[in-house]
Amino acid sequence: MSDEGFTAEGGHGAVPTASVDTAPDNTAVEADWPLYEVFVRGRRGLNHVHVGSLHAAEEKMALRHARDLYTRRNEGVSIWVVRSEAIAASSPAEKDPFFAPSGDKVYRHPTFYTIADNVPHM
């Protein structure tokens, strides 16, 4: 028997390679899948925190993949997945002009109030 058309990569013995596409070309399919942003709420946390992104064909798949990728050690109690295209965000470069209107509303900052000594945790 000839060794042509067989490979022993990975130490698993001879595997037939003739008429088998061995190139990892699954990126074409995954590139068509939408990108999801993943948010996880930890066991002791009150807020969901952005932990990463992933590609998935649909929402249920995104939830399963997010669970498998980002809560492998039982870190979370709740997962949100949101399509990246559905998120509207301000740009860090526009930070100063975007948040400038709140700077002239000094009444929103408690700098004009005196706190009584018997009021704890203020």
Side-chain angles (χ1 to χ4, degrees):
M1 182 173 188
S2 166
D3 285 341
E4 243 177 81
F6 288 87
T7 182
E9 290 181 23
H12 298 291
V15 178
T17 59
S19 75
V20 175
D21 185 15
T22 59
D25 194 22
N26 57 352
T27 56
V29 173
E30 290 178 4
D32 294 338
W33 290 353
L35 182 67
Y36 287 86
E37 300 301 324
V38 181
F39 300 84
V40 174
R41 190 180 83 191
R43 290 199 178 278
R44 297 183 185 185
L46 298 175
N47 300 325
H48 283 77
V49 177
H50 182 258
V51 293
S53 306
L54 56 83
H55 288 275
E58 44 93 24
E59 289 83 7
K60 288 182 181 180
M61 177 188 276
L63 274 172
R64 286 193 306 270
H65 287 315
R67 178 200 60 206
D68 295 343
L69 286 171
Y70 298 109
T71 63
R72 289 182 277 180
R73 296 178 186 91
N74 283 335
E75 301 95 337
V77 295
S78 176
I79 300 173
W80 291 348
V81 292
V82 181
R83 278 193 179 199
S84 295
E85 64 192 29
I87 296 176
S90 64
S91 169
E94 299 171 347
K95 177 185 70 147
D96 293 334
F98 188 75
F99 292 104
S102 66
D104 62 349
K105 296 176 177 72
V106 293
Y107 56 86
R108 293 184 176 177
H109 305 286
T111 56
F112 301 105
Y113 305 102
T114 57
I115 300 172
D117 293 334
N118 61 352
V119 177
H121 308 294
M122 276 298 240

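Residues: numbered from 1 along the sequence shown.
A57 and P34 make their closest contact through O-CD, 4.3 Å (heavy atoms, listed as atom of the first residue, atom of the second, distance). Shown here for H50 and G52, the closest heavy-atom pair between the two residues is NE2-O, 3.2 Å. Counting all heavy atoms, side chain and backbone alike, Y70 lies closest to V40 at CB-CG2, 4.3 Å.
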Pair up each side-chain donor or acceptor in residues 59-69 with any protein partner under 3.5 Å, not counting sequence neighbours, and list the distances.
none

Tabulate below the donor-acceptor pairs under 3.5 Å that side-chain atoms of residues 73-82 make, not counting sequence neighbours, or state none.
| from | atom 1 | to | atom 2 | distance (Å) |
| --- | --- | --- | --- | --- |
| E75 | OE1 | R72 | N | 3.3 |
| E75 | OE1 | R73 | N | 3.1 |
| S78 | OG | H48 | NE2 | 2.8 |
| W80 | NE1 | H48 | NE2 | 3.3 |

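The line from OH of Y36 to CD of E85 is 8.5 Å long, rounded to the nearest 0.5 Å. If you take CZ on R41 and CG on L46, they are separated by 7.5 Å, rounding to the nearest 0.5 Å.
H55 places a side-chain N or O within 3.5 Å of a backbone atom of W33 that can act as its donor or acceptor partner.
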